[in-house]
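Notes to accompany the following structure.
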Amino acid sequence: MTLATVNLQGILARGVAIISLTGLPLASSMAQSPNAFGVPTEKISNPAANVVAAPGSRGQGWLGQGRSEVIARHGMVATSDPIAAQAGLEILRNGGNAIDAAVAAAAVLDVTSQNDTGIAGDLFALVWSAQDKKLYALNSAGWAPAGWTPEYFKETLGVERVPGNGVNAATVPGAISGYDALLNRFGTMGFEETFARAVQVADEGWGQAERRHQDISSVVEKLRGDADSAATFLNDGEVPLLYSIIRNPQLADALRLIQEQGRDAFYKGPIADAIVAKMQADGGVMTHADLAEFESEWIEPISTNYHGYDVFQLPPPGQGFAALEMLNILEVCAPVHDVDLSALGPSNPNYWHFLVEAKKLAYSDLQAYNGDPLFSDIPVDRLLSKSYAATLCDRIDMDVATEPSITGGLDGGTIYLTTADRWGNMVSLIHSIFSVYGSGATIPPYGMMLHNRGVAFSLEEGHPNEVAPRKRPFHSIIAGFVLHNDEPLMTFGNMGGSVQPETHAQHMVNVIDNGMNVQMTTDAARFTHSQNSNTLSLEDNLYSLVGRALEAKGHNVRSVNGGRVGGYQGILFSKDSTLPEPVFGQQSIDQDHPVNGVYRAGSDHRKDGQAVGW
């Protein structure tokens, strides 16, 4: 190597521009992008958003599928956060079952994803017990404080509707009671084991992912409005940088209390004291009795049969019956209108028109009837009958878009996760604080965000969802499950507030009518329709394909990105009848038995998560 060469390389290494003997500039060693490796700067907080590139495609199957299904036999976890998914998998590998794993994964999400969920939120679950060969349903939606009446809001607070922010938006949080109910009835571990990873993550910190960074940026003023929230979630009043390390040691303290004292720490102990103190300081009326007397409720799931498959949902106050009614309409009314969804396929405008019109009908009944069944007479059996669906067919015009007969609905966020284990137990769980960062009110000194489920109550006299003491509000969060011939087949869910029933129905059409696998169903484009504005939102590529044709039918159509259609997770179980039934107990753990079949799982690319198994 000559001296001249060494000097040239040294100059290049310092990033100095060099002109060659030909008069053309030589390549610089400096990166051409100011955001090499996607590292954010003060001026560009999310570099990936500024890159224009064509997406790649797969080499097999549907080329638009973003990733392969995850396939495993010992256990599976799918969540919207990789750290949470790994926490659940860790429990499975250590001998825990699907219920233990679901609680462990959810607890980590309570730490990393308080934009969507938290221990001061609510929870619902469907649990398949392989030993009982039965599907169970859990409602752990908190009730209204005893002081909540229409008069309290109208006269004492002087408002015309239940607030969306602050302590008067929060009902009693049901999540911890729900975890306790799940572990006590079906788990093999307690809070000490299932909360261990969540405590560690809260103490040590985690990296700020793209979607959560976007969410907190969208509500920074809301967080600044509550001193405790600003101190917990912001850095000197500003949004933490993308990819920066986030910690919440105060939340770790709360989780440790629950490890040590169980659910009583939350509903009767120091955490309850903190909740009541925050309420009183900010003008709320929730009392110690409201917290101490709350219990989760085991209930019967509801279902319909769609083309030979039994699709299950949670009953009211959740909105799951709308998904089932929509499926009934699609099945019963298709021959009336000479529609074959499988033959049309998702590239045909008539396919989407039929789905959207069915959705409008189902959601009109949802808005008309849904509420707490302990307070309102909700005709679920009639609404889910095939004969009732038949009465709605003439309200669909395949050439013209209609107006919804009843409007309503609120947008919100949530987390959905699903787990399965070596014995064949499967869990479909949904958990939420509703709006992005819930009520915006944080409970000190425990770093937890209160949900704002109370906003779903009505102050209208006689409304099925009219607010009342110890009543549970209309709930958007739902979990799905599919049985075939009385055997477990699939868990599924789709986060995203009011989009959930319509997306549940779309996933069932995808897998049953279109033959999509459990990953493809979420990688395919979706629609969401607003019952309030009668606006039809299509993901960008779907809008390009059928948007104009749907506009010609009278739909008010807009193009949106994937942030509008929520996020899905799902696990499919393919049983092998030649294999022996699982052995329940320690023997399966000691000998590391796999399940008598194969699990296949999918996770939505629109979120930050993954499906994992082994």
- Just by modelled atom types, is the Glu238 backbone N or O under 3.5 Å from a matching donor or acceptor in the Asn235 side chain? no
- Minimum side-chain heavy-atom gap Leu291-Ile275 below 4.5 Å: yes
- Please tell me if the side chains of Ser45 and His213 come closer than 4.5 Å, counting only heavy atoms from C-beta onward. yes
- Testing Thr522, Asp523, Asn517, Thr521 for side-chain hydrogen bond (donor to acceptor under 3.5 Å, both in side chains) with Gln65, which one passes? Asn517
- So, do Ser476 and Gln500 sit near enough that their side-chain heavy atoms are less than 4.5 Å apart? yes
- Should the pair Phe573 and Tyr599 be assigned to parallel (<30°), tilted (30 to 60°) or perpendicular (>60°) ring geometry? tilted
- Item | Pairwise distance OG(Ser177) to CG(Leu138) - rounded to 0.5 angstrom | 7.5 Å
- Nearest heavy-atom pair of Pro47 and Gly38: which atoms, and what distance? CG-O, 3.6 Å
- Side-chain donor/acceptor of Arg73 to backbone N/O of Gly597, under 3.5 Å: yes
- Task: Quick one: do Gln591 and Val583 satisfy side-chain contact (heavy atoms from CB on, under 4.5 Å)? Show the steps, please.
- Result: CA-CA 11 Å; Gln591 298 179 7; Val583 176; over 6 Å; no
- What closest approach, in Å, do Ala125 and Leu182 show between heavy atoms, and which atom pair accounts for it? CB-CD2, 4.3 Å
- Message: Between Glu204 and Arg197, does any NZ, NE, NH1 or NH2 come within less than 4.0 Å of an OD or OE carboxylate oxygen?
- Response: no
- Item | Gln250 to Pro445 - nearest heavy-atom pair and separation | CB-O, 3.2 Å
- Closest non-hydrogen atom pair between Gln259 and Val199, with its separation: OE1-CG2, 3.6 Å
- Message: side-chain hydrogen bond (donor to acceptor under 3.5 Å, both in side chains) for Ser432 and Thr117? Distances and angles first, verdict last.
- Response: CA-CA 4 Å; Ser432 171; Thr117 194; 6.0 Å; no
- Task: With rounding to the nearest 0.5 Å, note down the distance linking CG in Asn494 to OG1 in Thr414.
- Result: 10.5 Å
- Item | Trace of the side-chain hydrogen bond (donor to acceptor under 3.5 Å, both in side chains) decision for Asp110 with His431 | CA-CA 9 Å; Asp110 289 336; His431 176 22; 2.6 Å; yes
- Message: Treating Asn370 as the side-chain partner and Pro317 as the backbone partner, does any N or O pair qualify as donor plus acceptor under 3.5 Å?
- Response: yes
- What are the two closest heavy atoms between Asp81 and Ser113, and how far apart are they? OD2-OG, 4.1 Å
- Item | Spacing of Arg600 atom CZ and Met490 atom CE [to the nearest 0.5 Å] | 9.5 Å
- Side-chain donor/acceptor of Asn425 to backbone N/O of Ala130, under 3.5 Å: yes
- Face-on cation placement of Arg263 at Phe266 ring, 6.0 Å and 45° thresholds: no
- Task: Decide side-chain hydrogen bond (donor to acceptor under 3.5 Å, both in side chains) for Asp100 and Thr188; before the verdict, give the C-alpha distance in whole Å, the side-chain angles of both, and the deciding distance to 0.1 Å.
- Result: CA-CA 7 Å; Asp100 303 320; Thr188 66; 2.5 Å; yes
- Under a 4.0 Å N-O cut-off, is there an ion pair linking Asp228 with Lys278? yes
- Message: Main chain of Gln261, side chain of Asp264: is a donor-acceptor contact present, judged purely on distance under 3.5 Å?
- Response: no
- Item | Asn452 side chain to Ser435 side chain, donor-acceptor N/O pair below 3.5 angstrom | yes
- Task: Answer yes or no: is there an ion pair linking Arg93 with Glu90, defined by an N-O contact shorter than 4.0 Å?
- Result: no
- Query: Are any of the side-chain nitrogens in Arg256 or Glu192 under 4.0 Å away from the carboxylate oxygens of its partner?
  - Reply: no
- Rounded to the nearest 0.5 Å, the CG atom of Leu234 sits from the CD1 atom of Ile216 at a distance of 5.5 Å
- Query: Going by an N to O cut-off under 4.0 Å, is there a salt bridge joining Glu539 and Arg526?
  - Reply: no
- Given side-chain contact (heavy atoms from CB on, under 4.5 Å), test Thr442 with Asp226 step by step and report yes or no. CA-CA 7 Å; Thr442 295; Asp226 179 86; 4.2 Å; yes
- Message: One pair to check against ring pair (Phe, Tyr, Trp, His ring centres under 6.0 Å): Trp298 and Phe124. What are the steps and the verdict?
- Response: CA-CA 10 Å; Trp298 290 100; Phe124 294 82; over 10 Å; no
- Query: Taking Arg422 for the side chain and His593 for the main chain, is one N or O donor matched with an acceptor at less than 3.5 Å?
  - Reply: yes
Donor-acceptor pairs are to be reported for all side-chain atoms of residues 607-614 against protein atoms at under 3.5 Å, with residues two or more places apart or in another chain.
| residue | atom | partner | partner atom | Å |
| --- | --- | --- | --- | --- |
| Gln610 | OE1 | Gln86 | NE2 | 3.4 |

- Query: Quick one: are Gln114 and Leu251 in side-chain contact, heavy atoms under 4.5 Å?
  - Reply: yes
- Message: Tell me if a side-chain donor or acceptor on Asn139 pairs with a main-chain N or O of Ala141 at a distance below 3.5 Å.
- Response: yes
- Task: Rounded to the nearest 0.5 Å, what's the gap from CD1 on Ile433 to OH on Tyr437? Could you check?
- Result: 8.0 Å
- Quick one: closest heavy-atom pair of Ile83 and Trp206, and the distance? CD1-CB, 3.9 Å
- Take Val598 and Asp576 through the test side-chain contact (heavy atoms from CB on, under 4.5 Å) and record every step on the way to the result. CA-CA 8 Å; Val598 172; Asp576 187 334; over 6 Å; no
- Does the side chain of Thr419 reach to within under 4.5 Å of the side chain of Ser428, using non-hydrogen atoms? no
- Ignoring hydrogens and geometry, is there a side-chain-to-backbone donor-acceptor pair from Lys222 to Ala441 under 3.5 Å? no
- Query: What distance do His507 atom NE2 and Phe492 atom CZ have between them, rounded to the nearest 0.5 Å?
  - Reply: 8.0 Å
- Query: Is there a side-chain contact between Tyr416 and Ser80, using heavy atoms and a 4.5 Å cut-off?
  - Reply: no
- More than 12 non-hydrogen atoms from neighbouring residues, nucleotides or ligands closer than 6.0 Å to CG on Asn541, yes or no? no
- Task: Let me see the working for Ser603 and Gln569 under side-chain hydrogen bond (donor to acceptor under 3.5 Å, both in side chains), right down to the final yes or no.
- Result: CA-CA 5 Å; Ser603 181; Gln569 320 288 335; 2.8 Å; yes
- Do Ser140 side-chain atoms and Gly178 backbone N/O form a donor-acceptor pair below 3.5 Å? yes
- Query: How about Ile245: does its CD1 atom have over 12 heavy atoms from other parts shown lying under 6.0 Å from it?
  - Reply: no
- Task: State, with a plain yes or no, whether a side-chain heavy atom of Gln319 is found less than 4.5 Å away from one of Phe474.
- Result: yes
- Message: Between Asp116 and Arg212 (salt bridge meaning N to carboxylate O under 4.0 Å), is one present in this structure?
- Response: no
- Apply the test side-chain contact (heavy atoms from CB on, under 4.5 Å) to residues Arg224 and Ser229: give CA-CA distance (whole Å), side-chain angles for both, the deciding distance (0.1 Å), then the verdict. CA-CA 7 Å; Arg224 287 171 180 160; Ser229 295; over 6 Å; no
- Task: Could you check if a side-chain atom of Asn35 sits within less than 4.5 angstrom of a side-chain atom of Val39, using non-hydrogen atoms only?
- Result: no
- Message: If only side-chain N and O atoms count, and only distance matters, is there a donor-acceptor pair under 3.5 Å linking Thr171 with His451?
- Response: yes
- Check for a donor-acceptor pair, side chain of Asp122 on one end and backbone N or O of Ala175 on the other, with a separation under 3.5 Å. no
